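Everything numeric here is computed off the predicted structure, so don't read it as measured data.
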Amino acid sequence: SPASGLWVMLFSQFLASCSWSLLFPVMPKLVASLDGIDSVSSVAATLAGMQALDAAMELIANPIVGSAADVLGRKPVWCLCLSLCIVSNLMMATLSGPFGLKAVYCATVIGGLGRGLHSLGYAIIVDVGQEEAAAEREAIDSNRQASRFGLMGASFGSAMIISPAM
C-alpha cells in the first residue's frame with residue numbers, strides 16, 4: 001500500500017536527519033584537530049565555509065533531484081539521495097583522519113547533494129495522497145495530507161533532538 005512506503009520514507013528521512021545533526025556537536029573539535037587550528041575564530045570561519053558549501057550543494061541538487069524524480073520515478077532517486085548521504089557519512093567517519101579537511105569538504109559536497117531527499121520526501125507525500133484518492137475514487141483528503149506533512153517535520157525535528165543525545 002502507498003501508506004507503508006510513506007513510513008519507510010519517514011524512517012529513512014529520520015535516519016538521514018540524525019546523521020546530519022550528529023555532526024553538529026562534534027564538528028568544532030573535529031575541524032580543530034584535523035588542521036591543528038587553535039583559534040576559535042579560525043574554526044568558526046572554517047565551519048561557516050562548510051555550512052555555506054553544504055547549503056550551496058543542496059541548492060544545486062534540489063532542482064536536479066526534482067527533475068530526475070519526475071522522469072525516473074521517486075523511488076530510484078530517493079535511493080540515490082539516501083546512498084549519497086551514506087557515502088558522505090562513511091567518508092566523514094573513515095577518511096577524515098588520513099586526509100584531513102579535504103575529506104571533510106568532499107563529504108560535505110556529497111552530503112549536500114544527497115540532501116535533495118528532504119524536498120523529495122514532500123513530493124512523495126503528495127504522490128501517496130494522490131494514489132490513495134485515486135484508489136478510493138475521492139478527492140484528496142487535505143487533513144490527511146496535512147498530518148503527513150506534519151509527520152515529515154516531526155521526523156526531522158525528532159532527529160535533531162534525539163541524535164545529539166546519542
Side-chain angles (χ1 to χ4, degrees), residues 1-32 34 43-44 46-70 72-97 101 103-131 143-166:
S1 85
S4 64
L6 179 73
W7 289 107
V8 170
M9 186 273 302
L10 288 171
F11 182 68
S12 59
Q13 175 73 32
F14 170 79
L15 292 177
S17 298
C18 276
S19 72
W20 188 60
S21 63
L22 270 172
L23 289 175
F24 277 176
V26 299
M27 280 304 281
K29 287 185 181 178
L30 177 67
V31 167
L34 289 178
V43 170
T46 302
L47 288 175
M50 283 182 191
Q51 288 301 311
L53 179 63
D54 181 70
M57 291 298 101
E58 190 171 349
L59 179 71
I60 292 167
N62 278 332
I64 295 168
V65 165
S67 295
D70 289 342
L72 302 172
R74 307 279 191 241
K75 192 182 292 184
V77 177
W78 178 266
C79 291
L80 174 66
C81 287
L82 202 54
S83 297
L84 288 173
C85 288
I86 292 168
V87 167
S88 170
N89 291 329
L90 289 173
M91 283 181 69
M92 191 77 73
T94 59
L95 300 178
S96 59
L101 280 180
V104 174
Y105 276 110
C106 287
T108 300
V109 168
I110 293 169
L113 293 173
R115 257 185 288 292
L117 66 88
H118 296 301
S119 58
L120 183 57
Y122 290 107
I124 291 171
I125 289 173
V126 171
D127 289 348
V128 167
Q130 289 174 343
E131 288 175 21
N143 289 332
R144 190 183 301 174
Q145 279 297 80
S147 69
R148 288 178 176 152
F149 280 114
L151 288 173
M152 183 74 162
S155 73
F156 183 75
S158 59
M160 293 296 154
I161 293 168
I162 293 170
S163 64
M166 290 181 185

Should the pair Phe149 and Tyr122 be assigned to parallel (<30°), tilted (30 to 60°) or perpendicular (>60°) ring geometry? parallel

To the nearest 0.5 Å, tell me how far [X] [atom1] sits from [Y] [atom2].
X      : Y      : atom1 : atom2 : value
Leu10  : Arg148 : CG    : CZ    : 9.5 Å
Ser83  : Trp78  : OG    : CH2   : 11.5 Å
Leu113 : Thr108 : CG    : OG1   : 11.0 Å
Leu117 : Cys79  : CG    : SG    : 10.5 Å
Gln13  : Leu82  : CD    : CG    : 9.0 Å
Ile124 : Leu6   : CD1   : CG    : 8.5 Å

Kindly indicate, with the supporting measurements, whether the criterion side chain to side chain contact (heavy atoms under 4.5 Å, CB included) is fulfilled by Met9 and Met152. CA-CA 9 Å; Met9 186 273 302; Met152 183 74 162; 4.0 Å; yes

Please report the closest heavy-atom contact between [X] and [Y], naming both atoms and the distance.
X      : Y      : value
Gly116 : Val65  : O-CG1, 3.8 Å
Ser88  : Ala107 : OG-O, 2.7 Å
Ser21  : Met160 : CB-SD, 3.3 Å
Ala159 : Ser17  : CB-CB, 3.5 Å

Using only heavy-atom distances, determine whether the side chains of Ser19 and Asn89 contain a donor-acceptor pair under 3.5 Å. yes

Residue pair Tyr105, Val109: steps toward the side chain to side chain contact (heavy atoms under 4.5 Å, CB included) verdict: CA-CA 6 Å; Tyr105 276 110; Val109 168; 5.7 Å; no

Heavy-atom donor-acceptor pair, Ser67 side chain to Ile64 backbone, under 3.5 Å: no

Determine whether Leu30 and Ser96 satisfy the following criterion, side chain to side chain contact (heavy atoms under 4.5 Å, CB included), listing intermediate values before the conclusion. CA-CA 9 Å; Leu30 177 67; Ser96 59; 4.2 Å; yes

Heavy-atom distance under 4.5 Å between the side chains of [X] and [Y], does that happen here?
X      : Y     : answer
Asn62  : Glu58 : yes
Met27  : Met50 : yes
Leu120 : Arg74 : yes

Trace of the side chain to side chain contact (heavy atoms under 4.5 Å, CB included) decision for Cys81 with His118: CA-CA 9 Å; Cys81 287; His118 296 301; over 6 Å; no

